[in-house]
Structure formats: structure tokens, C-alpha cells
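Encoded as C-alpha cells, the structure appears first; notes follow it.
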Amino acid sequence: QKKKKGMKKGVERGHSRKGAANSESEGSSNDKENAAQRKPEISTTPVKPKFQLDISKTLELKHEPTERQQRQEKLARYERDCTRIEEYMYVGGLRVAENKELLLGCGITHVVNCAAITTDNFFPEAFTYKA
């Protein structure tokens, strides 16, 4: 019964929920109208840029090589070298092992093929191979 009395008092004083909702919605619609009035107008005319960016020249610029490119270049530079370790010992890669004139020119008689699993002996008639 107390709740009913409180509700009656609220209705009598003009504080009904319906009235409160109406006043809130009126306030929010006024706020929306005010916000719309405050927004600056957006111009639809195109604006000419103050400068133009031309990136076509960047293709001509030399760029620093990546780490991978540097490694590939280094390997390519040394892959044909037959490096002398001792008076009687040389070290080389695949490109050296397949160059018969280079091996003979260095006085090589024996070849240790460390890649025998994947690479055949190139000149078994000219050198003694160990795998």
C-alpha cells in the first residue's frame, strides 16, 4: 500500500514516468539540432594540392642490398675459388670440384668429396676420391 501511495503522489505532482521520458527526449532532440547547427559545412569543390609527389624516380635509386642478397653475393664471389690452406691442401666448393683444369693447375691429386651423398665424383679417372 505504501508503494501505491507513493505512486499516487508522483502522479499528482506531475512526475510521471511518461512525462519524464518526454522531457528527456525533447532535450536530446534539441541537442541534436544544436550539434547539427554547429557542424561546419563541407565543401564539395575540389582542392588543388600545393605540391605533387613524383615517385617514378625512386626506381632509379640504388637501394642497400638485403642481408640475404649480401650473403648470396659473397658465396658467388668465392664459389669458384680454390683456397690454399697448406702447401699440400686446398679447399673449394662444387664449382671448383667440377673444374678439371683448375684442379690440375693447383697440383691436386686427391679429392675429399664432403658432399658425396648429393654430388658425384666428377673426374674419377683423373683424381683419387675419398668420400
Worked check of side chain to side chain contact (heavy atoms under 4.5 Å, CB included) between Tyr129 and Phe123: CA-CA 9 Å; Tyr129 283 88; Phe123 310 105; 3.8 Å; yes
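- Residue Glu87 qualifies as open at atom CD: its count of foreign heavy atoms under 6.0 Å is 12 or below.
- Hydrophobic clustering (ILVMFWY, side-chain heavy atoms < 4.5 Å, transitive): Ile108 and Met89 are in distinct clusters.
- Note on Val91 and Leu94: separate hydrophobic clusters, where clusters join Ile, Leu, Val, Met, Phe, Trp and Tyr whose side-chain heavy atoms are under 4.5 Å apart, directly or indirectly.
- Hydrophobic clustering (side-chain heavy atoms under 4.5 Å, transitive across Ile, Leu, Val, Met, Phe, Trp, Tyr) groups Leu104 together with Tyr90.
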Val96/Leu103 under side chain to side chain contact (heavy atoms under 4.5 Å, CB included): CA gap, chis, key distance, verdict: CA-CA 7 Å; Val96 173; Leu103 296 173; 4.0 Å; yes
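- Note that CZ of Arg95 is 13.0 Å distant from CG of Leu102, once rounded to the nearest 0.5 Å.
- With hydrogens and angles ignored, the 3.5 Å screen pairs a side-chain donor or acceptor of Asn113 with a backbone N or O of Ala115.
- Salt bridge Arg77/Glu73: absent, no basic N to carboxylate O contact under 4.0 Å.
- Minimum interatomic distance between Lys100 and Ala126 (heavy atoms only, all atoms of both residues): CE-CB, 3.7 Å.
- Few gaps surround CD1 on Ile85; more than 12 heavy atoms of other groups in view lie less than 6.0 Å from it.
- A donor-acceptor pair under 3.5 Å is formed between the side chain of Gln69 and the backbone N or O of Thr66.
- For the residue pair Glu86 and Arg84, the shortest heavy atom distance occurs at O-CG, 3.2 Å.
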Side chain to side chain contact (heavy atoms under 4.5 Å, CB included) between Val111 and Asn121, worked out: CA-CA 9 Å; Val111 177; Asn121 299 331; over 6 Å; no
